[in-house]
Enquirer: 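Next up is a structure, given as structure tokens.
First listed ligand is number 1; within each ligand, the first listed atom is number 1.
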Amino acid sequence: MNLSQRVEQVTPSKTLAITAKAKELKSQGFDVVGLGAGEPDFNTPQHIIDAAVKAMEEGQTKYTAASGIIELKKAICEKLADDNGLSYQPSQILVTNGAKHALYNLFQALLNPGDEVIIPIPYWVSYPEMVVLAEGVPVFIEGKEENEFKVTPEQIEAAITPKTRAFILNSPSNPTGSIYRKEELKAIADVCLRHHILIVSDEIYEKLIYDGLEHVSIASLSQAAYENTVVINGMSKPYSMTGWRIGYAAGNEQLIKAMTNLSSHSTSNPTTFAQYGALAALKGSQEPLRVMKEEFDKRRRAITELMNDIEGVYCTMPKGAFYLFANVSEAMQKGGFTNVDEWAQALLEKEYVALIPGSGFGAPHHVRISYATSLEQLQEGAARIKRFVEGN
Ligand SMILES: *Cc1c(COP(=O)(O)O)cnc(C)c1O
């Protein structure tokens, strides 16, 4: 079968191979410790489920406007004003089938063939693929481990060419949990504004920040930054709503309109009753979020300590999200591995621990450990990794 060059360019997800293998082992009855999860292990809060059920019972089972129901768009505007100090009109909001869909539409609406998008390494796996699917060119710059995996304005500036259209910022970051401080964001905004480069700010983990640190949206730093940024966010991570598929983009009205046109011809609208659930999430009690965050924080401290106790494994305490990004290059060397995929594969086959090799994030000496699982599982997983690495 001849497929389009477009899809032929897309790399199959590396994370899927190991997840599939873990599932297979589990179904065969092996006691697999899963540290690969990319979603909270909490249930969607009950009041959100109730709101969606009620909406369905009341007949909210038909198409909506492609950009989403007006009540939800207004609630998103309120959220962006209250939490982030950003002032938007509903016409600047597109509700999508998850934040991923918002990003996909954005690159489709923004890029011409050959346009470049600057992406920091380690990156969320889908960014480069989405840019390629829009016939754009990902340009990578490496966030150094000594700088908490963050990129500098100088690195961004050096990567800029006449073809650069956008820079992707993800703070807090998946996979590293790093957070850009306000001064760092200011310097990044300055560079992007000077070169007329759109800032794509993926803020999906903004509510999961620890140690009393605060999230700052780069769009809030100045009027110019506001005009030059598209904010991407969604319900999946803060409200444990990954399966509901509700996210959004906020930004320039003309761009949002173009992205809405794409939705109208591809997905029509995000699921109607899921939008009512999202409305309840934003308007209702934020207590479940507080409880989840407190639990994540405990696990974060525990797993960081446990992993650092393993010879040849190094990691710093992540400041946000629910992932630990550990350097395993010495552990790999010790075991005679030259490739982190093989190391992760061997760990799974020998000790039945599933984690995500960093190669999929552009980081071939690291692994991502998700702490969206119980403390007991984290302890068991760490004990097995220790045995695998130290060999006793
Ligand atoms: C999970 C995630 C998303 C998208 O989540 P949706 O479920 O599509 O809303 C976007 N960016 C990052 C960095 C993520 O980890």
Enquirer: Which atoms of ligand 1 sit under 4.0 Å from any heavy atom of N170?
Expert: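 Numbered from 1, ligand 1 contributes 13 (C).
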
Enquirer: Among all protein heavy atoms, pick the one closest to atom 8 (O) of ligand 1 and tell me residue, atom and distance.
Expert: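 Protein heavy atom at minimum distance: R245 NH2, 2.8 Å.
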
Enquirer: Among protein heavy atoms, which lies nearest atom 11 (N) of ligand 1, and at what distance?
Expert: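 Result for atom 11 (N) of ligand 1: D202 OD2, 2.6 Å.
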
Enquirer: With a 4.0 Å cut-off, would you call K54 and D50 a salt bridge?
Expert: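 Looking at D50 together with K54, the answer is no, because their closest N to O distance does not fall below 4.0 Å.
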
Enquirer: When the aromatic ring centroids of Y352 and F30 are compared, is their separation below 6.0 Å?
Expert: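 Distance test on ring centres: under 6.0 Å, yes.
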
Enquirer: Consider only side-chain heavy atoms of I, L, V, M, F, W and Y, link residues closer than 4.5 Å, and tell whether I188 and V231 are in one cluster.
Expert: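 No, I188 and V231 fall in different hydrophobic clusters.
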
Enquirer: Do W343 and F388 have ring centroids that are under 6.0 Å from one another?
Expert: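 Yes, ring centres under 6.0 Å apart.
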
Enquirer: Please work out whether any backbone atom (N, CA, C, O) or any side-chain heavy atom from C-beta onward of K237 is under 4.0 Å from ligand 1, and answer side chain, backbone, both or neither.
Expert: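 For K237, only side-chain atoms sit under 4.0 Å from ligand 1.
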
Enquirer: Give the atoms of ligand 1, by number and element, whose distance to some non-hydrogen atom of N174 is under 4.0 Å.
Expert: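 That gives atoms 13 (C), 15 (O) of ligand 1.
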
Enquirer: Cluster question for you: counting only ILVMFWY and a side-chain heavy-atom cut-off of under 4.5 Å, with indirect links fine, are L106 and L94 together?
Expert: yes

Enquirer: Taking both backbone and side-chain atoms of K100, is any N or O found less than 3.5 Å from an N or O belonging to ligand 1?
Expert: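 Right, the criterion is met.
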
Enquirer: Any idea which part of M235 is under 4.0 Å from ligand 1, heavy-atom wise: side chain, backbone, both or neither?
Expert: neither

Enquirer: Starting from atom 15 (O) of ligand 1, which protein heavy atom do you reach first, and at what distance in Å?
Expert: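 Atom 15 (O) of ligand 1 sits closest to the protein heavy atom Y205 OH, 2.7 Å.
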
Enquirer: Please determine if A99 has a nitrogen or oxygen closer than 3.5 Å to a nitrogen or oxygen of ligand 1.
Expert: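 Right, the criterion is met.
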
Enquirer: Should the proximity of S236 to ligand 1, defined as any heavy atom under 4.0 Å, be assigned to the side chain, the backbone, both, or neither?
Expert: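 Just the side chain.
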
Enquirer: Please tabulate, for side-chain N and O atoms in residues 320-329, each donor-acceptor pair with protein atoms closer than 3.5 Å (sequence neighbours left out).
Expert:
| from | atom 1 | to | atom 2 | distance (Å) |
| --- | --- | --- | --- | --- |
| Y323 | OH | Y205 | OH | 2.7 |
| N327 | OD1 | S329 | N | 2.9 |
| N327 | OD1 | S329 | OG | 2.9 |
| N327 | ND2 | E145 | OE1 | 3.0 |

Enquirer: Can you list every pair that meets side chain to side chain donor-acceptor pair (under 3.5 Å) and has a residue in residues 246-257, with sequence neighbours left out?
Expert: S91-E253

Enquirer: Run the ring pair (Phe, Tyr, Trp, His ring centres under 6.0 Å) test on F296 and Y210 for me, step by step, so that the C-alpha distance in whole Å, both residues' side-chain angles and the decisive distance to 0.1 Å come before the verdict.
Expert: CA-CA 9 Å; F296 279 152; Y210 313 102; 7.3 Å; no

Enquirer: Can a non-hydrogen atom of G247 be found less than 4.0 Å from any atom of ligand 1?
Expert: no

Enquirer: Counting only heavy atoms, which portion of I232 has something under 4.0 Å from ligand 1: side chain, backbone, both, or neither?
Expert: neither

